[in-house]
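Contents: one structure, followed by commentary.
Chain letters run A, B, ... following the sequence lines, proteins first, then strands; residues in each count from 1.
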2 protein chains.
Amino acid sequence: MTQANWARLPVVKSKADLVYDSLRAAIAEGDLKPGERINMDELARNLGVSKIPIREAVKRLEADGLVVSRVHSGVTVAQVDAAEMRGVFLAREAIEGLVAGLAAERITDARLAELEAVQQQMRGRLGTRSFQKLPELNSDFHRVLAEAAGYRVLAELTDQLLLTVRRHRITVPADPENWARVIAEHEEIIAALRRRDPEAAARAAKAHISAQADHEVADQE
Amino acid sequence: MTQANWARLPVVKSKADLVYDSLRAAIAEGDLKPGERINMDELARNLGVSKIPIREAVKRLEADGLVVSRVHSGVTVAQVDAAEMRGVFLAREAIEGLVAGLAAERITDARLAELEAVQQQMRGRLGTRSFQKLPELNSDFHRVLAEAAGYRVLAELTDQLLLTVRRHRITVPADPENWARVIAEHEEIIAALRRRDPEAAARAAKAHISAQADHEVADQE
DNA sequence: CACCCCTTCATCGTATGCGATATGCCCGGG
DNA sequence: CCCGGGCATATCGCATACGATGAAGGGGTG
């Protein structure tokens, strides 16, 4: 039964998988910006592979909603619609509230330590004002939390939604004060997890997402 | 800004898209059962196309989590892990509660009529005991409801989660009494929507998913 | 001078073919 | 009788090549 899970982690990665990982990371990091054109032939030449692995990677990205392709007119990185962001945050609030409640019930000490390690790194990065690593660490925090909830599907949903938020956030400049608030709210979630208090954890997680939503989409209307 | 949305509905469908639709439908209907092997060469011969469109379709299905592929050892329809189903239902409860609440605030009369039409069809199918169309209609119901919430992302999440449930449900025989309960609970959701009562709609939707979860995963442990 | 059509080009979509590799069977040894 | 190694085969992964189609620019005409 766990076999199906391991099967999704291919031991040997095909070239298409490597291209997929590369492009996905580039989109997540903002190296490929929304609306930017992707030329498949050029990409194939640059990476030293043929178009086929490129096409397969692009198809997967399209299924993920990260790129859009119009026939015979190129592939572009998907736009993040500001109006949709509100829906994304609402979904995150629902899912991460659920996740935090479940995690409080069943989180192991090892995973709690892992979460605290991520939190510690975020504090360090904030202290040295090296902000560029913070989005990745923030993703790690939410991913570890979601994994602690015990259901793979919840981790996947969390990852998927947070990626959209990261892509949207690229369009706005870094804001140190916001990161300080994020880290403080993460601390509250961790505190509730330490007490194994599902109700408080869910409340803290929902408040965290809600506050972030206010920060990111309030000025859009 | 809405352009990006329309771009995801390609006007002209490539062969890869047709193969994708075909396979996805076959998996949803249960014609391709979990664990079943998919031979790409054979599929290419049967459909009269080369392997390339097949491969691209399979890559998209893999991104959707509907198939798993191990290198040089074939592609199989993904197993639906019974333990994961509990997580899927928890996620659905969170998302569809949110969806129903939003829908109650902003549903149009036209869309409400659409929802009632689906409900009417389900009643008809139950009356004539033609159960095989009910899963599809049930998907329609939840899809229309999610679209009424106004955020594309919520509709996509709903669709994705419900597809997993449908695939799991294939493994168990049809149960007329269960469909009667489903339809009754749908009616309660519709009633709350008619009154434009977000709180009641959310409560009814959550109760609906929760009851279904009890029905489908209770006997698994 | 403006508009339209036609040609040209760039880019996508797909077929074919070959190399790589995991799987399963068969045979020999313990 | 059971187990391990080697070979045949099926299947996948990728490169090359060609056809199809939308986009853009230039020239001609009203």
Self-check item: Summary of salt bridge (Lys or Arg N to Asp or Glu O under 4.0 Å) pairs that have at least one residue in residues 160-170 of chain B, sequence neighbours excluded
Solution: B:E29-B:R166, B:E136-B:R166, B:R169-B:E216
Any N/O pairs under 3.5 Å between the protein and nucleotides 13-17 of chain C? List them or say none.
from: C:dG13; atom 1: OP2; to: A:R55; atom 2: NH1; distance (Å): 2.6
from: C:dG13; atom 1: OP2; to: A:R55; atom 2: NH2; distance (Å): 3.4
from: C:dG13; atom 1: O6; to: A:K51; atom 2: NZ; distance (Å): 2.9
from: C:dT14; atom 1: OP1; to: B:K15; atom 2: N; distance (Å): 2.5
from: C:dA15; atom 1: OP1; to: B:K15; atom 2: NZ; distance (Å): 3.2
from: C:dA15; atom 1: OP2; to: B:S50; atom 2: N; distance (Å): 2.6
from: C:dA15; atom 1: OP2; to: B:S50; atom 2: OG; distance (Å): 2.5

Self-check item: For A:E147, all residues meeting salt bridge (Lys or Arg N to Asp or Glu O under 4.0 Å), sequence neighbours excluded
Solution: A:R111, A:R143
Exercise. Please state whether the phosphate of D:dT11, meaning OP1 or OP2, lies under 4.0 angstrom from any side-chain nitrogen or oxygen of B:N39.
Key: yes
Exercise. Could you check how far CG of A:L43 sits from P of D:dA15, rounded to whole Å?
Key: 12 Å
Quiz prompt | Any side-chain heavy-atom pair of A:D64 and A:Y20 under 4.5 Å | solution = yes
Quiz prompt | Pairing residues for A:N46 by the side-chain hydrogen bond (donor to acceptor under 3.5 Å, both in side chains) criterion, not counting sequence neighbours | solution = none
Practice problem: Mind checking salt bridge (Lys or Arg N to Asp or Glu O under 4.0 Å) for A:D159 and listing every partner two or more places apart, or none if nothing turns up? | Solution: A:R24
Practice problem: Could you check how far CD of A:E42 sits from C1' of C:dC12, rounded to whole Å? | Solution: 15 Å
Practice problem: Identify, with sequence neighbours excluded, every residue that meets side-chain hydrogen bond (donor to acceptor under 3.5 Å, both in side chains) alongside B:E56. | Solution: A:R55
Practice problem: For the helix from C:dC1-D:dG30 to C:dG30-D:dC1, figure out the bend between the end axes, five pairs an end, and round to 10 degrees. | Solution: 20°
Quiz item: By side-chain hydrogen bond (donor to acceptor under 3.5 Å, both in side chains), which residues pair with A:D21, not counting sequence neighbours?
Solution: A:K13
Practice problem: Please identify each residue that fulfils salt bridge (Lys or Arg N to Asp or Glu O under 4.0 Å) with A:E105, with sequence neighbours left out. | Solution: none
Exercise. Report which part of the nucleic acid A:I54 touches: base, sugar-phosphate, or nothing (heavy-atom distance under 4.0 Å, all strands).
Key: nothing
